[in-house]
Amino acid sequence: MNSTLMKPTKTTLTASLFALALLLAAFTTRPPKRKPTLYLIGDSTVKNGKGKGDGGLWGWGNYLPAHFDTTRIRIENDALGGTSSRTFQTKGLWEAVKNKLQPGDFVIMQFGHNDDGPLADTARARGTFKSNGEESQEVYNPLTKQQEVVHSYGWYLRQVIAETKAKGATPIVCSLVPRNGWKDGKVNRATTGYTQWAAEAAKQGGAFFIDLNKLVADKYDREGEAKVGTVYFTSKDHTHTIEAGAQLNAATVAEGIKATKGLALSKYLRKK
């Protein structure tokens with residue numbers, strides 16, 4: 001029996017080549033690899049106002065990107081002035097960050113300046129129990145007009161640590177930066193209190209810890225009260241730094257990251 005072989009037409013040949021090209025492209029074209037994100041959360045010492053030098057004051061989060069290779073990692077400053085470890089969560093700010101977290105991301109948290117206040121006043125209602133313990137108290141919050149169970153400073157940090165890890169991201173706790181307050185030629189430190197509780201919460205939750213209070217205070221002591229009070233602060237504000245102070249604090253955070261053993265974030269630091 002004779003069989004006749006059909007020669008492919010020009011149209012079918014073109015279509016076949018086009019299909020082959022699409023198939024090859026599917027195997028060779030890959031979407032760009034997602035860069036990890038470093039999220040910063042905290043109070044006004046991390047981002048003051050809208051982060052644009054409001055009143056000449058800056059938070060260290062504005063200057064931290066200068067220490068990183070931002071072609072390889074994103075940095076997002078989600079800190080908000082006036083918040084405590086409690087209100088950053090109760091206002092939904094942490095929830096917004098948590099919803100964006102993906103495996104391989106990082107979270108640096110720094111709270112404490114606003115935790116030392118009443119639990120249920122009509123002005124702020126942002127205070128927390130001064131410990132890393134399990135203390136709690138139900139209060140009526142006059143701002144939200146709802147009942148609220150208030151916990152310790154360390155408890156709120158541990159919540160963020162646990163939820164960060166559950167997302168496959170890496171939590172890093174910083175102790176709060178020191179204020180411009182001095183005694184006998186030495187800057188006041190939070191050696192006990194918030195620094196201790198932050199360290200305990202980090203250890204208990206399995207987070208990395210950077211003692212930013214000590215690292216910055218050591219620099220302040222070396223440079224002296226007169227210089228710190230004029231170069232890094234103004235005479236009108238002992239908590240919020242001006243630009244040079246924010247840059248010093250950011251550089252200190254970067255140094256702390258580099259010195260923290262096992263912290264993968266350090267590989268994204270800019271090489272000097």
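For the numbers below, each heavy atom of this structure counts, side chains included, while hydrogens, waters and symmetry mates do not. Just so we're clear, the structure is a prediction, and the values are computed from it rather than from any experiment.
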On a heavy-atom basis, which atom in [X] and which in [Y] lie closest, and how many Å separate them?
{"X": "T241", "Y": "A246", "value": "OG1-N, 3.4 Å"}
{"X": "E223", "Y": "Y232", "value": "OE1-OH, 2.7 Å"}
{"X": "A125", "Y": "A120", "value": "CB-CA, 4.2 Å"}
{"X": "N62", "Y": "G51", "value": "ND2-O, 2.8 Å"}
{"X": "F68", "Y": "R270", "value": "O-NH2, 2.9 Å"}
{"X": "V187", "Y": "A217", "value": "CG1-CB, 3.6 Å"}

Quick check against the 3.5 Å criterion: does [X] have a side-chain atom that pairs as donor or acceptor with the backbone of [Y]?
{"X": "N141", "Y": "K145", "value": "no"}
{"X": "K165", "Y": "V160", "value": "no"}
{"X": "S152", "Y": "G133", "value": "yes"}
{"X": "Q89", "Y": "S85", "value": "yes"}
{"X": "T87", "Y": "T90", "value": "no"}
{"X": "H240", "Y": "T234", "value": "no"}
{"X": "N77", "Y": "V46", "value": "yes"}
{"X": "S175", "Y": "L212", "value": "yes"}
{"X": "D115", "Y": "T128", "value": "no"}
{"X": "D105", "Y": "Q102", "value": "yes"}

Any heavy-atom pair between the side chains of [Y] and [X] that's under 4.5 Å?
{"X": "T164", "Y": "T170", "answer": "no"}
{"X": "F208", "Y": "L265", "answer": "no"}
{"X": "L64", "Y": "L38", "answer": "yes"}
{"X": "L176", "Y": "T195", "answer": "yes"}
{"X": "I172", "Y": "L263", "answer": "yes"}
{"X": "D78", "Y": "L40", "answer": "no"}
{"X": "K183", "Y": "N188", "answer": "yes"}
{"X": "F106", "Y": "Y39", "answer": "no"}

Cationic N near anionic O, under 4.0 Å, [X] to [Y]:
{"X": "D116", "Y": "K130", "value": "yes"}
{"X": "E134", "Y": "R158", "value": "yes"}
{"X": "D54", "Y": "K50", "value": "no"}
{"X": "E76", "Y": "R74", "value": "yes"}
{"X": "E95", "Y": "K100", "value": "no"}
{"X": "R86", "Y": "E148", "value": "yes"}

| task | Look at the rings of Y153 and Y194 and say which category their plane angle falls in: under 30° parallel, 30 to 60° tilted, over 60° perpendicular. | result |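 The arrangement is perpendicular - the two ring planes meet at more than 60°.
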Should [X] and [Y] be regarded as members of a common hydrophobic cluster, given that ILVMFWY residues are connected when their side-chain heavy atoms come within less than 4.5 Å of each other, either directly or indirectly?
{"X": "I161", "Y": "F209", "result": "yes"}
{"X": "L248", "Y": "V228", "result": "yes"}
{"X": "L101", "Y": "I108", "result": "no"}
{"X": "V97", "Y": "V253", "result": "no"}
{"X": "W58", "Y": "V231", "result": "no"}

With rounding to the nearest 0.5 angstrom, report the [atom1] to [atom2] distance, [X] to [Y].
{"X": "E225", "Y": "D184", "atom1": "CD", "atom2": "CG", "value": "10.0 Å"}
{"X": "K33", "Y": "R72", "atom1": "NZ", "atom2": "CZ", "value": "9.0 Å"}
{"X": "T83", "Y": "F88", "atom1": "OG1", "atom2": "CZ", "value": "6.0 Å"}
{"X": "Q159", "Y": "K98", "atom1": "CD", "atom2": "NZ", "value": "9.0 Å"}
{"X": "I75", "Y": "T37", "atom1": "CD1", "atom2": "OG1", "value": "9.5 Å"}
{"X": "T71", "Y": "K35", "atom1": "OG1", "atom2": "NZ", "value": "6.5 Å"}

I'd like to know if the side chain of [X] pairs up with that of [Y] as donor and acceptor (distance under 3.5 Å, no hydrogens or angles considered).
{"X": "Q110", "Y": "T45", "result": "yes"}
{"X": "E163", "Y": "W94", "result": "yes"}
{"X": "E200", "Y": "Q204", "result": "no"}

| field | Step-by-step side-chain contact (heavy atoms from CB on, under 4.5 Å) determination, L157 to M109 | value | CA-CA 8 Å; L157 293 186; M109 63 197 82; 4.2 Å; yes
| field | K186 vs Y220, side-chain contact (heavy atoms from CB on, under 4.5 Å): CA-CA, chis, key distance, verdict | value | CA-CA 8 Å; K186 298 289 185 181; Y220 285 176; over 6 Å; no
| Does the side-chain contact (heavy atoms from CB on, under 4.5 Å) test come out yes or no for D43 and L80, once each step is laid out? | CA-CA 5 Å; D43 54 39; L80 181 65; over 6 Å; no
| Full working for side-chain hydrogen bond (donor to acceptor under 3.5 Å, both in side chains) between Y140 and Q146 | CA-CA 6 Å; Y140 175 76; Q146 294 180 346; over 6 Å; no
| For K91, does the NZ atom have more than 12 heavy-atom neighbours from other residues, nucleotides or ligands under 6.0 Å away? |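 Atom NZ in K91 is not crowded, with 12 or fewer foreign heavy atoms closer than 6.0 Å.
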| For D218 and R189, what are the C-alpha separation, side-chain angles and deciding distance, and is it a salt bridge (charged side-chain N to carboxylate O under 4.0 Å, His left out)? | CA-CA 10 Å; D218 286 347; R189 299 171 183 242; 2.8 Å; yes
| task | Tell me whether the centres of the aromatic rings in F129 and H151 are closer together than 6.0 Å. | result |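 Here the rings of H151 and F129 have centres that are no less than 6.0 Å from each other.
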| request: Evaluate the criterion side-chain contact (heavy atoms from CB on, under 4.5 Å) for residue pair L57 and I242; output intermediate values, then yes/no. | output: CA-CA 5 Å; L57 305 175; I242 55 179; 4.0 Å; yes
